[in-house]
A.B. asks: 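Starting off with a structure, shown below.
In the text below, chain A, chain B and the rest are named by the order of the sequence lines, each starting its count at 1.
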Number of protein chains: 2
Amino acid sequence: MGRGKIAIERIDNATNRQVTFSKRRGGLMKKARELAILCDADLALIVFSSTGRLYDFASSRSVS
Amino acid sequence: MGRGKIAIERIDNATNRQVTFSKRRGGLMKKARELAILCDADLALIVFSSTGRLYDFASSRSVS
DNA sequence: CTCACTATGTATAATCT
DNA sequence: TAGATTATACATAGTGA
């Protein structure tokens with residue numbers, strides 16, 4: 001998607017890899033939230049960047 | 001996306017909700033796998049359907 | 001129900017600032 | 001370089017078998 005097509009393999013360039021990580025992480029979190037809401041599902045997503053930082057999302061269907 | 005636009009809210013029709021769950025779960029898993037590979041990230045995704053079934057994906061960056 | 005199709009909405013790679 | 005833009009590849013809502 002985007003301007004060009006890319007192969008699904010590790011991005012060698014560190015800067016580009018970081019930019020792609022940030023963009024796709026956001027997109028993945030959004031999709032996860034949508035799935036939880038649309039389909040009334042419970043769901044947890046945990047991501048560690050290659051630099052060791054943690055990002056997560058968890059739905060809360062029944063808990064406030 | 002798709003033929004029409006939908007609001008992000010619980011799908012009332014049970015059959016349609018199940019179909020959407022199946023489609024989007026697949027898409028989400030694919031995106032998760034791509035993020036793990038492209039950005040060399042470790043990641044886990046756990047989903048419980050509204051009927052209680054479990055689906056999961058976990059990357060394995062260092063373990064075989 | 002489950003699978004395939006496809007028109008269309010969305011995510012995003014490349015680019016620009 | 002981080003944030004905005006934009007053209008394009010991808011995901012998917014509706015449909016039909």
Side-chain angles (χ1 to χ4, degrees):
Chain A
M1 58 207 61
R3 296 289 184 80
K5 189 171 191 169
I6 61 162
I8 301 303
E9 54 190 20
R10 182 176 183 283
I11 297 170
D12 285 323
N13 181 278
T15 301
N16 188 32
R17 186 169 66 247
Q18 147 62 25
V19 170
T20 295
F21 178 75
S22 178
K23 288 181 175 181
R24 281 180 170 257
R25 176 171 46 80
L28 188 65
M29 294 283 181
K30 181 177 181 180
K31 290 270 189 185
R33 184 170 52 247
E34 291 182 352
L35 178 65
I37 295 172
L38 286 169
C39 303
D40 199 29
D42 269 331
L43 165 170
L45 173 61
I46 303 172
V47 185
F48 291 94
S49 72
S50 57
T51 59
R53 207 180 305 232
L54 168 68
Y55 303 89
D56 71 292
F57 167 76
S59 69
S60 49
R61 185 169 51 171
S62 41
V63 183
S64 69
Chain B
M1 61 208 55
R3 296 289 183 80
K5 190 171 190 168
I6 60 161
I8 300 304
E9 54 189 20
R10 183 176 184 282
I11 297 169
D12 285 324
N13 182 277
T15 301
N16 188 32
R17 186 168 67 246
Q18 147 62 24
V19 170
T20 295
F21 178 74
S22 178
K23 287 180 175 182
R24 279 178 172 258
R25 176 170 46 81
L28 188 63
M29 293 286 182
K30 182 178 180 181
K31 290 271 190 187
R33 186 170 52 248
E34 292 182 351
L35 179 64
I37 296 172
L38 286 168
C39 303
D40 198 29
D42 269 332
L43 165 171
L45 173 61
I46 302 172
V47 184
F48 292 93
S49 73
S50 57
T51 59
R53 207 179 305 232
L54 168 68
Y55 303 88
D56 72 292
F57 168 75
S59 69
S60 49
R61 185 169 51 173
S62 42
V63 184
S64 68

A.B. asks: Take the protein atom NZ of B:K5 and the nucleotide atom C1' of C:dA7, then report the distance between them rounded to whole Å.
C.D. replies: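 Rounded to whole Å, this separation is 16 Å.
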A.B. asks: For B:Q18 and D:dA13, give me the distance from atom CD to atom P, rounded to whole Å.
C.D. replies: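 In whole Å, D:dA13 P and B:Q18 CD are 13 Å from each other.
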A.B. asks: Can you tell me the distance, in whole Å, between the CG atom of B:L28 and the P atom of D:dA11?
C.D. replies: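 One finds 12 Å between P of D:dA11 and CG of B:L28, rounded.
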A.B. asks: Please report the distance, rounded to the nearest Å, between CZ in B:F21 and P in D:dA13.
C.D. replies: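 After rounding, the reported distance stands at 14 Å.
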A.B. asks: Measure from CE on B:M29 to P on D:dA11 and round the result to the nearest Å.
C.D. replies: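 Distance, rounded to whole Å: 15 Å.
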A.B. asks: Looking only at N and O atoms, is any donor in the side chain of B:K23 or the base of D:dG14 less than 3.5 Å from an acceptor on the other one?
C.D. replies: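 Checked by distance alone, the answer is yes.
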A.B. asks: Specify the separation, in whole Å, of atom CZ of A:R25 and atom P of D:dA2.
C.D. replies: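 That distance rounds to 13 Å.
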A.B. asks: Between B:S59 and B:L43, is there a donor-acceptor pair closer than 3.5 Å when you use the side chain of the first and the backbone of the second?
C.D. replies: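 Indeed, once roles are kept as given, a pair shorter than 3.5 Å links the two residues.
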A.B. asks: Could you tell me the separation between the CG atom of B:D12 and the P atom of D:dA13, rounded to a whole number of Å?
C.D. replies: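 So the two atoms are 16 Å apart, to the nearest Å.
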A.B. asks: Heavy atoms under 4.0 Å, any strand shown: does A:T20 hit a base, just sugar-phosphate, or nothing?
C.D. replies: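 Sugar-phosphate contact only.
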A.B. asks: Considering only side-chain heavy atoms of B:R24, which listed nucleotide, C:dA14, D:dA13, D:dA11, is closest?
C.D. replies: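 So the nucleotide nearest the side chain must be D:dA13.
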A.B. asks: B:I8 CD1 to D:dA11 C1': how many Å, rounded?
C.D. replies: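 Rounded to the whole Å, the gap is 13 Å.
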A.B. asks: Decide yes or no for B:L38 and A:R10: does some side-chain heavy atom of the first lie under 4.5 Å from some side-chain heavy atom of the second?
C.D. replies: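 Contact flag for B:L38/A:R10 side chains = no.
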A.B. asks: Tell me if a side-chain donor or acceptor on A:S22 pairs with a main-chain N or O of A:Q18 at a distance below 3.5 Å.
C.D. replies: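 Not confirmed, A:S22 side chain does not pair with A:Q18 backbone.
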A.B. asks: Which comes earlier along DNA chain D counting from the 5' end, the contact point of B:N16 or that of B:E34, where each point is its nearest nucleotide?
C.D. replies: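 First, find each residue's nearest nucleotide; the 5'-ward one identifies B:E34.
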A.B. asks: By nearest heavy atom, map B:G4 and B:L38 onto DNA chain C; which one lands nearer the 5' end?
C.D. replies: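 The answer here is B:G4.
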A.B. asks: Any heavy-atom pair between the side chains of A:I11 and B:D40 that's under 4.5 Å?
C.D. replies: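 They are not in side-chain contact.
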A.B. asks: Which of these nucleotides, C:dA11, D:dT12, D:dG14, is closest to any side-chain atom of B:M1?
C.D. replies: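 Looking only at side-chain atoms, B:M1 lies closest to D:dT12.
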A.B. asks: Output yes when at least one side-chain N/O atom of B:T15 is less than 4.0 Å from OP1 or OP2 of C:dC1, else no.
C.D. replies: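 It does, given that an N or O in the side chain of B:T15 lies less than 4.0 Å from OP1 or OP2 of C:dC1.
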A.B. asks: Ignoring hydrogens and angles, does a donor from either the side chain of B:R3 or the base of C:dT6 sit under 3.5 Å from an acceptor on the other?
C.D. replies: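 Donor-acceptor pair under 3.5 Å: yes.
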A.B. asks: For D:dC10, take OP1 and OP2 only and decide whether either is under 4.0 Å from a side-chain N or O of B:K30.
C.D. replies: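 Negative; the distance criterion is not met.
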A.B. asks: With a 4.5 Å cut-off on side-chain heavy atoms, are A:L54 and A:V47 touching?
C.D. replies: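 Heavy-atom side-chain distance check fails, nothing below 4.5 Å.
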